[in-house]
Colleague: 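Encoded as structure tokens, here's the structure I'll be asking about.
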Amino acid sequence: MNNYISVNINKVAKMMLNTKALNNITTTFEEHIIHGIIGPNGAGKTTLIRIIASLLKADKGNVNYILGNKKLNNIKSYLGYFPQEPSLYPDLSCQEHLEFFKALHRISDNAFNERCEQLYKVTSMTPFKKRKINSLSGGMYKKLGLMCVLLHRPKLLLLDEPTIGVDPLSRRELWDLVYNFAKNGMTVIMSTSYMDEAEQTNKIHVLNEGNLLVSGNPLEIMERYHLNKIEDIFLKIDNPKT
């Protein structure tokens with residue numbers, strides 16, 4: 001039996017105030033690949049990410065987490081979640097953040113030291129261990145956020161628009177990090193509004209106004225619908241009738 005996690009979404013719906021944030025979403029996030037949840041602002045990306053993270057409860061439908069052939073009742077110990085909004089503490093240094101997450105996940109001293117060394121190395125953040133968050137650039141902030149959620153070696157990594165507000169070079173570096181960690185048995189689900197990023201994922205799930213338009217490999221979708229750019233999918237497929 002493998003140790004990878006897949007996520008099955010079955011007819012999930014969610015109202016936020018008077019808005020239908022998600023409308024009967026059914027899709028599968030297969031194990032051990034990078035998934036992109038794409039769509040414009042207000043499409044329902046963050047709502048879906050939060051439901052997968054068990055931070056929001058669906059009004060109807062269900063989310064099933066499968067580890068190998070076993071259904072999981074609790075995903076929290078397997079989960080790494082990096083939200084879109086700022087979530088780090090401005091008065092703490094990079095190292096103090098990692099020590100906080102060490103205590104949170106009850107990581108042993110030996111494992112913590114080994115993982116910290118690896119994470120600092122791959123993110124090129126070693127010179128900034130003692131720097132406080134309020135003096136980090138946008139790209140460095142996102143790198144630290146990734147380091148914190150990766151410290152306990154999650155099997156399911158959820159990233160809500162992780163590259164928004166950072167410069168193009170930092171976006172590329174963050175993508176390189178995600179690819180490197182995905183190779184080590186992680187299932188990655190990330191939301192993005194950047195269509196060029198969507199084309200770098202293994203599978204996309206296209207949302208618009210709470211509806212799932214299509215799921216599949218980006219290149220195969222472009223071929224099927226004769227698209228020059230993946231963003232043209234919104235011109236080819238109408239929202240399902242509700």
Side-chain angles (χ1 to χ4, degrees), residues 4-67 69-76 78-79 81-85 155-162 164 187-195 197-199 201-227 230-242:
Y4 305 143
I5 285 182
S6 61
V7 182
N8 296 326
I9 308 291
N10 183 38
K11 296 182 179 178
V12 163
K14 182 67 179 178
M15 292 289 294
M16 302 292 283
L17 298 177
N18 296 319
T19 301
K20 192 175 286 186
L22 295 174
N23 181 36
N24 293 329
I25 302 295
T26 296
T27 193
T28 298
F29 297 92
E30 290 88 354
E31 61 191 31
H32 196 22
I33 63 173
I34 299 177
H35 295 265
I37 301 175
I38 73 168
N41 291 336
K45 303 186 299 296
T46 293
T47 302
L48 182 55
I49 287 273
R50 287 178 177 171
I51 286 175
I52 296 171
S54 298
L55 296 174
L56 279 179
K57 186 176 180 180
D59 295 332
K60 69 174 186 176
N62 53 70
V63 180
N64 293 316
Y65 310 92
I66 310 298
L67 177 62
N69 296 317
K70 177 186 175 183
K71 182 178 176 181
L72 296 174
N73 293 320
N74 191 335
I75 192 64
K76 289 183 180 178
Y78 299 95
L79 178 68
Y81 169 63
F82 188 36
Q84 181 183 148
E85 59 276 351
K155 293 185 180 297
L156 177 62
L157 179 62
L158 303 180
L159 307 171
D160 190 7
E161 305 232 27
I164 197 167
T187 301
V188 180
I189 304 174
M190 64 174 290
S191 64
T192 181
S193 300
Y194 296 118
M195 296 299 110
E197 292 185 348
E199 294 178 11
T201 62
N202 303 112
K203 182 178 180 180
I204 57 173
H205 310 260
V206 185
L207 295 181
N208 191 41
E209 297 179 356
N211 294 289
L212 180 66
L213 302 187
V214 66
S215 292
N217 177 274
L219 294 179
E220 292 175 359
I221 288 175
M222 290 174 69
E223 273 187 34
R224 188 192 321 165
Y225 292 99
H226 308 290
L227 306 175
I230 195 64
E231 56 260 43
D232 292 339
I233 193 69
F234 297 102
L235 303 175
K236 287 280 186 176
I237 305 179
D238 294 327
N239 283 333
K241 303 300 181 185
T242 59

Colleague: Going through the checks in order, is the side-chain contact (heavy atoms from CB on, under 4.5 Å) test met by Leu157 and Phe82?
Modeller: CA-CA 8 Å; Leu157 179 62; Phe82 188 36; 5.9 Å; no
Colleague: Using every non-hydrogen atom in the two residues, find where Ile230 and Pro218 come nearest and quote the distance to one decimal.
Modeller: CD1-O, 4.0 Å
Colleague: Give the minimum heavy-atom separation between Ser54 and Ile75, together with the two atoms involved.
Modeller: OG-CG2, 3.7 Å
Colleague: What are the two closest heavy atoms between Thr27 and Ser215, and how far apart are they?
Modeller: OG1-OG, 3.1 Å
Colleague: For residues Arg224 and Val214, determine if any side-chain heavy atom of one lies less than 4.5 Å from a side-chain heavy atom of the other.
Modeller: yes
Colleague: Report, as yes or no, whether the 6.0 Å neighbourhood of atom CD on Glu223 holds more than 12 heavy atoms from other residues, nucleotides or ligands.
Modeller: no
Colleague: Using 0.5 Å steps for rounding, measure from the CD1 atom of Ile52 to the CG atom of Leu79.
Modeller: 10.0 Å
Colleague: Find the distance between CD (Glu30) and CG (Asn202) and round it off to the nearest 0.5 Å.
Modeller: 10.0 Å
Colleague: What pair of heavy atoms forms the shortest contact from Ser191 to Pro162, and how long is it?
Modeller: O-CD, 3.6 Å
Colleague: Could you check whether any side-chain heavy atom of Ile49 comes within less than 4.5 Å of a side-chain heavy atom of Tyr81, counting everything from C-beta outward?
Modeller: yes
Colleague: For the residue pair His205 and Phe29, does the interplanar ring angle fall in the parallel (under 30°), tilted (30 to 60°) or perpendicular (over 60°) class?
Modeller: tilted
Colleague: Would you confirm whether Asp160, through its side chain, and Thr46, through its main-chain N or O, come within 3.5 Å as a donor-acceptor pair?
Modeller: no
Colleague: Rounded to the nearest 0.5 Å, how far apart are NZ of Lys14 and OG1 of Thr19?
Modeller: 12.5 Å
Colleague: For residues Asn24 and Lys60, report the shortest heavy-atom separation together with the two atoms involved.
Modeller: OD1-CE, 2.8 Å
Colleague: Is there a donor-acceptor contact under 3.5 Å linking the side chains of Lys20 and Asn211?
Modeller: no
Colleague: Ignoring hydrogens, what is the shortest heavy-atom contact between Leu22 and Gly44? Give both atom names and the distance.
Modeller: CD2-O, 3.6 Å
Colleague: Rounded to the nearest 0.5 Å, how far apart are CD1 of Ile164 and CD of Glu197?
Modeller: 9.5 Å
Colleague: Assess the residue pair Asn217 and Lys203 against the criterion (side-chain contact (heavy atoms from CB on, under 4.5 Å)); give the C-alpha distance rounded to whole Å, side-chain angles, the decisive distance to 0.1 Å, and a yes or no.
Modeller: CA-CA 4 Å; Asn217 177 274; Lys203 182 178 180 180; 5.9 Å; no
Colleague: Is there a donor-acceptor pair under 3.5 Å between the side chain of Thr187 and the backbone N or O of Leu156?
Modeller: no
Colleague: So, do Ser193 and Lys45 sit near enough that their side-chain heavy atoms are less than 4.5 Å apart?
Modeller: yes
Colleague: Just wondering, do Glu31 and Lys155 contact through their side chains at under 4.5 Å, heavy atoms?
Modeller: no
Colleague: Is there a side-chain contact between Asn10 and Asn8 (heavy atoms, below 4.5 Å)?
Modeller: no
Colleague: Is there side-chain contact between Leu212 and Leu207, with heavy atoms separated by less than 4.5 Å?
Modeller: yes
Colleague: Is there a side-chain contact between Glu209 and Asn23 in this structure, where contact means two heavy atoms from C-beta onward sitting under 4.5 Å apart?
Modeller: no
Colleague: Can you tell me how far apart CD1 (Ile204) and CD1 (Ile38) are? Round to the nearest 0.5 Å.
Modeller: 4.0 Å
Colleague: Side chains of Val206 and Phe234: does their closest heavy-atom pair fall under 4.5 Å?
Modeller: yes
Colleague: Measure the spacing between CD1 of Ile233 and CD1 of Ile221 and express it to the nearest 0.5 Å.
Modeller: 6.0 Å
Colleague: Are Leu72 and Ile5 close enough, and set up right, to give a side-chain contact (heavy atoms from CB on, under 4.5 Å), and what steps lead you there?
Modeller: CA-CA 9 Å; Leu72 296 174; Ile5 285 182; 3.9 Å; yes
Colleague: Looking at Thr28, Asn62, Thr26, Val63, which one forms a side-chain contact (heavy atoms from CB on, under 4.5 Å) with Ile9?
Modeller: Val63
Colleague: Quick one: ring-ring contact (aromatic ring centres under 6.0 Å, His included) partners of His32, sequence neighbours excluded?
Modeller: Tyr4
